[in-house]
Amino acid sequence: MAVHVSDKILIVEGKTDKHRIKEVLVEPVHIICTHGTMGISKLDDILEESNGSDVYILTDSDNEGRKIRQWFKRHISEGTHVYIDSNYGEVSRCPLDYLAMLLAHHGFYVDERLLMKGKFENEEILRKNRYNQSYSS
């Protein structure tokens, strides 16, 4: 079992989603790809890797993404589900500034240069929030 720097695990569907997320984050987060499918053995592997970590699920807003999300709702009840706007459809198609605000809202350290202005009611809170500041390891 690998040891990871972060206490967060982010589960996404594919490699392009993973690369898109890495463009936004400034903290080391363990990102697991499901590769668009779920099964008992894959779920067991993810559960083993997530020992003691906060688990976040970020899938596309299509049928496959909803199926994967359902697996996690049934088997990892303490996981946090992060939803993208259905207009984007896929995580890999989301604008970087949108992903930055979405992930910052869920407690991730993001590149503050990407944060959108005026898109959320709690913009002032997020701007002052520690998650928008530089990450120091």
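The chain is numbered in sequence order, starting from 1.
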Side chain to side chain contact (heavy atoms under 4.5 Å, CB included) assessment of Val12 paired with Ile32 | CA-CA 6 Å; Val12 298; Ile32 298 173; over 6 Å; no

Report task. Let me see the working for Val55 and Glu78 under side chain to side chain contact (heavy atoms under 4.5 Å, CB included), right down to the final yes or no. Result -> CA-CA 8 Å; Val55 177; Glu78 64 276 358; over 6 Å; no

d(His81 NE2, Ile11 CD1) to nearest 0.5 Å is 9.0 Å

Exercise. Within the distance-only criterion (no hydrogens, no angle test), does the side chain of Lys22 pair as donor or acceptor with the backbone N or O of Val29 below 3.5 angstrom?
Worked result: no

I'd like to know if the side chain of Arg20 reaches the main chain of Cys94, judged simply by a donor and an acceptor atom lying under 3.5 Å from each other, with no hydrogens or angles considered. yes

Heavy-atom nearest pair, Cys33 first then Gly14, reads SG-O, 3.5 Å

So CG of Leu99 and CG of Leu115: to nearest 0.5 Å the spacing works out to 11.5 Å

Between Glu27 and Phe108 the two heavy atoms that sit nearest each other are OE2-CA, 3.2 Å

Interatomic distance, CZ@Arg66 vs OG1@Thr59, rounded to 0.5 Å, equals 9.0 Å

Q. Within a reach of under 6.0 Å around NZ of Lys73, are more than 12 heavy atoms found that belong to other residues, nucleotides or ligands?
A. yes

- Query: Does Arg93 make a cation-pi contact with Tyr98, if we ask for NZ or CZ under 6.0 Å from the ring centre and within 45° of the axis?
  - Reply: no

Glu13/Lys18 salt bridge by N-O under 4.0 Å criterion:
no

Quiz prompt | Step-by-step side chain to side chain contact (heavy atoms under 4.5 Å, CB included) determination, Arg69 to Tyr83 | solution = CA-CA 10 Å; Arg69 194 177 292 281; Tyr83 296 89; 3.4 Å; yes

Please confirm whether the backbone N or O of Val91 pairs with a side-chain atom of Asp60, one donor and one acceptor, at under 3.5 Å? yes

- Message: Are the side chains of Leu10 and His30 in contact, using a 4.5 Å heavy-atom criterion?
- Response: no

| query | For Arg74, does the CZ atom sit with more than 12 other heavy atoms under 6.0 Å from it, leaving out its own atoms? | reply | yes

To the nearest 0.5 Å, atom NZ of Lys15 lies from atom NE2 of His19 at 7.0 Å

For Asp85 and Tyr88, indicate whether the former's side chain and the latter's backbone hold a donor-acceptor pair under 3.5 Å.
no

In this structure, NZ of Lys67 is separated from OG1 of Thr34 (nearest 0.5 Å) by 12.5 Å

>> One pair to check against side chain to side chain contact (heavy atoms under 4.5 Å, CB included): Ile57 and Val82. What are the steps and the verdict?
In response: CA-CA 6 Å; Ile57 299 96; Val82 180; over 6 Å; no

query: Does Ser92 offer a backbone N or O that forms a donor-acceptor pair with the side chain of Asp17 under 3.5 Å?
result: yes

Hey, does the side chain of Asp111 reach the backbone of Arg113 with a donor-acceptor pair shorter than 3.5 angstrom? yes

The reported gap from CD1 in Ile21 to CD1 in Ile31 (rounded to nearest 0.5 angstrom) is 6.5 Å

